[in-house]
Amino acid sequence: MLNYICESVLLYLISAIVNENNQITLFIVFANELYLCYAKKEKQERKVRHMGVTKICDEFIGINSKNITLRFGLKPVGATTENLDKYWEQLKDEQRNEAYPIVKEVLDREYQNFISEVLQSMEKQEVLDWTKLAEYISMADSKTGKEKVQKEQLRLRKAIVQGLGKHPAKKGLTGKKAFGKNGYLVTKKLTQEEKEAVGVFDGFTTYFENYNQNRENYFSTEEKSTAVAYRIVNENFPKHLLNVQILNKIKEFAPDLIDIVSAKAEQGADWTGIFEIQGYNSALSQKGIDVYNEVVGIYNREANLYKQKHEKNLPEGHPLRKRKTSQLVMLFKQIGSDKDDVIHIDKFETDEEVFAIWKILKDKIDEANIFEKLAVLKEEMQNWDYDKIYLSAQKLSEISIYLSKMQQKNLEEGKKRKKLVKMRYHNGIILIMLWKHIGVQR
């Protein structure tokens with residue numbers, strides 16, 4: 001208030017002096033000093049007032065508190081949103097590519113465990129009856145016998161698939177049920193790395209469509225080489241039946257060989273029970289197949305030693321004189337087992353995966369010495385007596401069809417090599433003459 005009064009007085013005095021004689025210098029200096037004096041006094045009074053006097057509004061300060069959160073964000077414009085979406089999707093794809101092999105290994109392990117668990121349960125309970133199939137196979141030369149064999153094989157395959165389908169893992173490992181917070185894999189004992197990899201596919205199970213389709217073939221009742229039931233019924237049981245027939249002959253002609261094998265085998269005298277018709281129930285799982293093949297290996301080794309020792313004394317028609325009637329055959333490994341020789345390829349994502357599979361194949365070929373065996377076979381073929389080589393009646397028609405197709409193919413290729421082809425090209429005619437393996441153009 002004091003400031004306002006001082007300013008008003010000074011302006012009045014200045015204007016009065018200017019109007020009378022226009023001599024303002026002295027009065028301006030005087031007015032400035034007067035203003036500074038009163039301003040200094042006003043400042044001191046204000047300081048004292050604030051030290052001891054409370055304003056009316058001060059009583060309402062601090063009664064209620066309120067927390068305020070300030071949020072700031074950047075809004076993308078133009079193509080930025082689309083580019084960001086592409087970036088995040090690409091990043092997620094890279095994470096899935098890295099996690100896929102880990103999750104695939106987890107799924108393979110779970111499939112293997114539950115298949116083994118079900119088959120081992122079937123082995124203990126001996127739920128499958130193989131006597132009828134063995135009987136029908138012995139009369140399979142007739143048309144009626146073949147139909148009975150196929151019908152009984154289908155019945156057994158369905159029984160096996162039905163047993164596999166009852167296990168909770170059959171549905172739990174398929175599609176969305178395998179992943180997520182309540183997924184089947186969460187209930188299993190996994191490493192930290194495996195847990196993180198499984199979590200990547202939460203809500204994105206379409207990545208395993210090809211994998212699930214291939215694994216579904218495990219549980220087919222059809223005659224598929226990739227099915228567990230087909231491996232048991234159509235592939236391994238005929239081998240077992242042949243072993244039973246061979247061993248029955250050996251028991252008749254060389255019972256002392258059976259005693260020798262019994263002393264060597266860990267199962268002792270019980271090993272012969274495996275090579276009965278119903279004894280096949282002990283060789284359904286991979287664990288059972290391992291035991292079975294181990295006994296086969298022991299027997300074959302002892303049978304060879306026995307033959308070398310008694311070869312001169314073996315009469316004509318003795319089963320040990322021929323390999324076909326004296327050596328037992330091993331069973332195929334179970335589908336989906338860690339010892340399965342089949343290489344399962346769902347899809348190739350990178351060049352490195354192709355090279356990795358190729359390396360596995362190369363190692364298997366080198367391990368089996370295939371090329372070395374082929375070279376030996378080629379040399380031995382020169383000494384073969386082809387007059388004593390006979391074709392199986394069952395395979396004769398297949399061989400005939402194959403040779404006919406090859407002959408027809410060669411004829412067609414020969415005609416193509418001698419054919420004159422005329423090709424019209426705009427304003428000219430190009431003649432391409434094919435003569436044997438040489439092409440002449442004009």
- salt bridge (charged side-chain N to carboxylate O under 4.0 Å, His left out) contacts touching residues 183-201 (sequence neighbours left out):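 Applying salt bridge (charged side-chain N to carboxylate O under 4.0 Å, His left out) to every pair that reaches into residues 183-201, excluding sequence neighbours, yields R109-E194.
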- Where at least one partner belongs to residues 235-249, residue pairs that pass salt bridge (charged side-chain N to carboxylate O under 4.0 Å, His left out), sequence neighbours excluded: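 Listed once each, the pairs are R231-E235.
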- Item | Listed partners of Y230 passing ring pair (Phe, Tyr, Trp, His ring centres under 6.0 Å), at least two apart |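 Once residues adjacent in sequence are excluded, Y230 has no partner under the ring pair (Phe, Tyr, Trp, His ring centres under 6.0 Å) criterion.
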Is it true that a side-chain atom of [X] and a backbone atom of [Y] form a donor plus acceptor pair closer than 3.5 Å?
{"X": "S220", "Y": "N217", "value": "no"}
{"X": "D108", "Y": "G336", "value": "no"}
{"X": "N293", "Y": "L331", "value": "yes"}
{"X": "Q334", "Y": "S285", "value": "no"}
{"X": "N236", "Y": "F332", "value": "yes"}

- Query: Where is the tightest heavy-atom contact between I289 and A283, given as atom of each residue plus distance?
  - Reply: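 Answer, listing the atom of I289 first, then A283: CG1-O, 3.4 Å.
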- Query: Looking at G288 and E123, what are the two nearest heavy atoms and their distance?
  - Reply: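 It is CA-OE2, 4.0 Å.
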- Are K132 and E135 ion-paired here, with the side-chain N under 4.0 Å from a carboxylate O?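 Judged by the 4.0 Å cut-off on N to carboxylate O distance, K132 and E135 do not form a salt bridge.
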- Item | Partner set under side-chain hydrogen bond (donor to acceptor under 3.5 Å, both in side chains) for S116, not counting sequence neighbours |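 With sequence neighbours excluded, S116 shows a side-chain hydrogen bond (donor to acceptor under 3.5 Å, both in side chains) to no residue whatsoever.
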Can I get a per-line list of side-chain donor-acceptor pairs under 3.5 Å for residues 157-165, giving both atom names and the distance, sequence neighbours left out?
residue	atom	partner	partner atom	Å
R157	NE	T221	O	2.6
R157	NH1	N234	OD1	3.0
R157	NH2	T221	O	3.3

- Kindly say whether the aromatic ring centers of F275 and Y292 come within a distance under 6.0 Å.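 Yes, they do, as the ring centres are separated by less than 6.0 Å.
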- Task: Mind checking salt bridge (charged side-chain N to carboxylate O under 4.0 Å, His left out) for E216 and listing every partner two or more places apart, or none if nothing turns up?
- Result: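 Result, salt bridge (charged side-chain N to carboxylate O under 4.0 Å, His left out) vs E216: K170.
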